[in-house]
Novice: 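Sharing a structure below in structure tokens format, with a few things to ask.
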Amino acid sequence: MAGRTLKEWKLKHPLIDDLISAQEAFWINPEYKTSNNPIPIEEKEIHEAETRLIRFAPYIAQAFPETQHTGGLIESPLMPIQNMQGYISKRYNIEIPGHLWLKCDSHLPISGSIKARGGIYKVLKHAETLALTHGLLKLEDDYAILNSPKYREFFSHYSLAVGSTGNLGLSIGVIGAKLGFQVTVHMSADAKAWKKELLRSKGVQVFEYTSDYSKAVEEGRRQAENDPRCHFVDDENSRDLFLGYAVAAYRLKEQLDKLKIAVDSDHPLFVYLPCGVGGGPGGVTYGLKQVFKENVHCFFAEPTHSPCMLLGLATGLHDQISVQDIGLDNRTEADGLAVGRASRFVGKTIETFLSGVYTIKDEELFILLQALKKTENLQLEPSALAGMPGSARVSKTQSGREYLKQFDLVKKMSQANHIVWATGGSLVPKEIMDQYLNQRD
């Protein structure tokens with residue numbers, strides 16, 4: 001812990017007391033800036049990623065028929081959830097001004113989670129690089145040709161490895177196996193059994209570990225180091241994953257434009273994103289800040305037992321501190337968020353772009369999951385509900401209200417739009433979802 005005792009860290013950061021006791025906390029990022037932010041990733045790189053996904057669209061449409069209605073683009077709907085907005089207002093005893101929306105990455109085609117953005121993009125870029133390097137593909141080709149025995153045989157001589165709590169492994173496994181790669185997914189103890197079985201049904205090799213996410217990543221990295229034909233997908237440090245997630249911002253802008261929803265100085269946009277190691281929410285946040293600048297306000301949401309990003313940002317230690325260092329067990333039903341140590345790459349990249357982080361108890365995730373089913377007839381996995389109370393936290397907590405005052409937002413909230421980023425859920429088997437919907441304290 002960078003040479004300091006836990007007692008010394010608690011004196012410097014009183015918030016750590018709340019984290020240690022696994023109490024729900026709301027933290028405003030003191031490093032947040034509305035302008036003059038460093039640009040570690042240039043906007044042109046995000047546009048290049050978007051262009052690459054367009055090149056692959058003919059392949060995706062042919063290999064995954066469920067994407068044909070979008071022309072092979074992997075995108076999710078943006079839905080108003082007015083009934084749920086009313087429920088949240090009553091549950092937290094605070095009027096939620098403006099309009100509440102759900103960004104349904106829970107229903108992204110192919111792998112049913114936000115990881116379909118970064119994970120699939122990462123594998124597609126790797127496949128493209130291999131095919132171009134070996135003279136099997138030209139940029140001007142119709143990439144639908146990749147959906148053929150010739151290319152699957154070529155890719156079968158290469159392998160992919162990834163460490164995952166579940167959803168990233170699912171994305172990498174499904175797209176990797178479809179292309180023909182030999183795929184190995186190293187799964188932490190937190191990963192749900194049904195995700196492991198689904199991967200195995202796709203021909204993916206799954207290794208299970210009794211320890212947490214960090215061990216799974218370590219083993220995936222070790223496997224790749226010993227095999228020159230094996231490509232390790234590094235959820236902690238991958239620029240390509242980050243770029244794949246960032247493309248979401250441009251897609252969201254198109255959706256808002258079609259709905260004639262303004263995002264400007266009088267119409268602020270608030271976005272609430274569940275966070276594990278940080279790649280998905282970090283990439284989306286970075287993209288949103290490039291598109292909407294100071295008019296978008298992004299907050300991460302983490303389980304009370306796994307607040308790794310909050311801990312890393314608040315102390316400035318990033319990956320040099322883990323939730324286990326402060327006595328937490330990193331055990332949560334929100335399997336995609338069960339990460340004890342945040343990505344330094346992501347933390348450093350977004351530390352001046354992120355407005356804040358809050359934590360939520362597992363019990364609350366299930367209450368909100370059941371309420372969403374009753375109010376909107378929508379089903380998400382537990383981790384995807386972490387963003388749901390964000391609008392109430394901003395309006396009700398003292399630090400949230402101070403944030404609104406600091407950035408002259410109080411009088412504008414009636415014209416605000418709040419987006420809860422739903423990160424997964426559509427592939428959850430019915431029997432598992434029924435258990436979630438019937439769960440009691």
Novice: How many angstroms lie between atom CG of Leu168 and atom OG of Ser238, to the nearest 0.5 angstrom?
Specialist: 9.0 Å
Novice: Keeping to residues at least two apart or across chains, list the salt bridge (Lys or Arg N to Asp or Glu O under 4.0 Å) pairs with something in residues 179-190.
Specialist: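 Qualifying pairs, neighbours excluded: none.
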Novice: Taking all non-hydrogen atoms of both residues into account, name the closest pair between Ala161 and Gly220 and its distance.
Specialist: CB-O, 3.9 Å
Novice: For residues 342-360, which residue pairs pass the salt bridge (Lys or Arg N to Asp or Glu O under 4.0 Å) check, not counting sequence neighbours?
Specialist: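 Listed once each, the pairs are Asp319-Arg344, Lys348-Glu351.
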Novice: Below 4.0 angstrom, N of the basic side chain to O of the carboxylate: do Glu333 and Lys192 qualify?
Specialist: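 Salt bridge between Glu333 and Lys192, a charged N being under 4.0 Å from a carboxylate O: yes.
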Novice: For Arg221, what residues pass the salt bridge (charged side-chain N to carboxylate O under 4.0 Å, His left out) criterion, not counting sequence neighbours?
Specialist: Asp234, Glu236
Novice: Judged by atom type as modelled, is there a donor-acceptor pair below 3.5 Å linking the side chain of Gln85 to the main-chain atoms of Ile96?
Specialist: yes
Novice: For residues 100-127, pull every pair meeting ring-ring contact (aromatic ring centres under 6.0 Å, His included), keeping only residues two or more places apart or in separate chains.
Specialist: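 Passing the test, one end in residues 100-127: His126-Phe181, His126-His231.
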Novice: Show the nearest heavy-atom pair for residues Gly169 and Leu199, with the distance to one decimal.
Specialist: O-CD2, 3.4 Å
Novice: Answer with yes or no whether the side chains of Lys289 and Asn37 bring together a donor and an acceptor at under 3.5 Å.
Specialist: no
Novice: Does the distance from a Lys or Arg side-chain N to an Asp or Glu carboxylate O, for Lys361 and Glu24, drop under 4.0 Å?
Specialist: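 Salt bridge flag = no for Glu24 with Lys361.
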Novice: For atom NZ of Lys253, decide whether the heavy atoms of other residues, nucleotides or ligands shown that lie under 6.0 angstrom number more than 12.
Specialist: no
Novice: Within the side chain of Ser306, is there an N or O that forms a donor-acceptor pair under 3.5 Å with the backbone of Ala338?
Specialist: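 No; zero donor-acceptor contacts below 3.5 Å.
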Novice: Salt-bridged, Lys405 to Glu402, with N to O below 4.0 Å?
Specialist: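 So Lys405 does not pair with Glu402 through a salt bridge.
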Novice: For the side chain of Gln415 and the backbone of Pro268, is there at least one donor-acceptor N/O pair under 3.5 Å apart?
Specialist: no
Novice: Examine Arg117 relative to Tyr245 and say whether NZ or CZ is less than 6.0 Å from the centre of the six-membered ring and inside a 45° cone about the ring axis.
Specialist: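 Because its charged atom misses either the 6.0 Å distance or the 45° angle limit, Arg117 does not stack over Tyr245.
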Novice: Provide the full list of side chain to side chain donor-acceptor pair (under 3.5 Å) pairs with a residue in residues 197-207, sequence neighbours left out, each pair given once.
Specialist: Glu197-Arg200, Arg200-Glu208
Novice: Would you confirm whether Glu50, through its side chain, and Arg251, through its main-chain N or O, come within 3.5 Å as a donor-acceptor pair?
Specialist: no
Novice: Side chains of Gln23 and Asp17 only: does a donor on one sit below 3.5 Å from an acceptor on the other?
Specialist: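 No, Asp17 and Gln23 have no side-chain donor paired with an acceptor closer than 3.5 Å.
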Novice: Go through the side-chain N and O atoms of Asp362 and Thr332 and say whether any donor and acceptor fall under 3.5 Å apart.
Specialist: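 Indeed, the side chains of Asp362 and Thr332 share at least one donor-acceptor pair under 3.5 Å.
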Novice: Listed by chain and number, what are the side chain to side chain contact (heavy atoms under 4.5 Å, CB included) partners of Pro281, not counting sequence neighbours?
Specialist: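 Partners of Pro281 under the side chain to side chain contact (heavy atoms under 4.5 Å, CB included) test: Leu273, Cys275, Phe300.
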Novice: When you look at NE2 of His267, are more than 12 heavy atoms from neighbouring residues, nucleotides or ligands closer to it than 6.0 Å?
Specialist: yes
Novice: Closest heavy-atom contact between Leu102 and Ala422?
Specialist: CD1-CB, 3.8 Å
Novice: Look up atom OH in Tyr87 and atom CD in Glu376, then write down how far apart they are to the nearest 0.5 Å.
Specialist: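 Taking OH in Tyr87 and CD in Glu376, the distance rounds to 12.5 Å.
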Novice: Arg222 side chain to Val217 main-chain N or O, any donor-acceptor pair under 3.5 Å?
Specialist: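 No; zero donor-acceptor contacts below 3.5 Å.
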Novice: Tell me whether Glu219 is salt-bridged to Lys215, with the criterion being a basic N under 4.0 Å from an acidic carboxylate O.
Specialist: yes
Novice: Count the heavy atoms of every other residue, nucleotide or ligand shown that sit under 6.0 Å from NZ of Lys374, and state whether that count exceeds 12.
Specialist: no
Novice: Under 4.0 Å between a Lys/Arg side-chain N and an Asp/Glu carboxylate O for Glu294 and Lys33?
Specialist: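 Judged by the 4.0 Å cut-off on N to carboxylate O distance, Glu294 and Lys33 do not form a salt bridge.
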Novice: Just checking, Lys178 and Phe64: is the charged tip under 6.0 Å from the six-membered ring centre and within 45° of the axis?
Specialist: yes
Novice: Rounded to the nearest 0.5 Å, what's the gap from CG on Leu288 to OH on Tyr250? Could you check?
Specialist: 9.5 Å
Novice: Where does the angle between the aromatic ring planes of Tyr403 and Tyr32 fall among parallel (under 30°), tilted (30 to 60°) and perpendicular (over 60°)?
Specialist: tilted
Novice: What pair of heavy atoms forms the shortest contact from Asn417 to Ala262, and how long is it?
Specialist: ND2-O, 4.3 Å
Novice: Output the distance between atom CD (Glu48) and atom CD (Glu43), rounded to the nearest 0.5 Å.
Specialist: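 Reported value, rounded in 0.5 Å steps: 11.5 Å.
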Novice: Does the distance from a Lys or Arg side-chain N to an Asp or Glu carboxylate O, for Lys90 and Glu95, drop under 4.0 Å?
Specialist: no
Novice: Judged by atom type as modelled, is there a donor-acceptor pair below 3.5 Å linking the side chain of Ser343 to the main-chain atoms of Asn237?
Specialist: no
Novice: Could you pull out the closest heavy-atom pair between Thr423 and Asn167, with the gap in Å?
Specialist: O-ND2, 4.3 Å
Novice: Looking at CG of Asp335 and CE of Met187, how far apart are the two atoms once the value is rounded to the nearest 0.5 Å?
Specialist: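 The distance works out to 9.0 Å.
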Novice: Give a yes or no on whether a salt bridge exists between Asp105 and Lys115, defined as a side-chain N under 4.0 angstrom from a carboxylate O.
Specialist: no
Novice: Check Ile46 against Gly287 and note the closest heavy-atom contact, atom names and distance.
Specialist: CD1-CA, 4.3 Å
Novice: Can you confirm if the aromatic rings of Phe299 and Tyr358 lie within a centre distance of less than 6.0 Å?
Specialist: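 No: the rings miss the under 6.0 Å criterion.
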Novice: Over 60° means perpendicular and under 30° means parallel, so classify the ring planes of Phe345 and Phe242, tilted if in between.
Specialist: perpendicular
Novice: Verify whether one side chain among Gln223 and His186 offers a donor that lies under 3.5 Å from an acceptor in the other.
Specialist: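 Yes, His186 and Gln223 have a side-chain donor paired with an acceptor closer than 3.5 Å.
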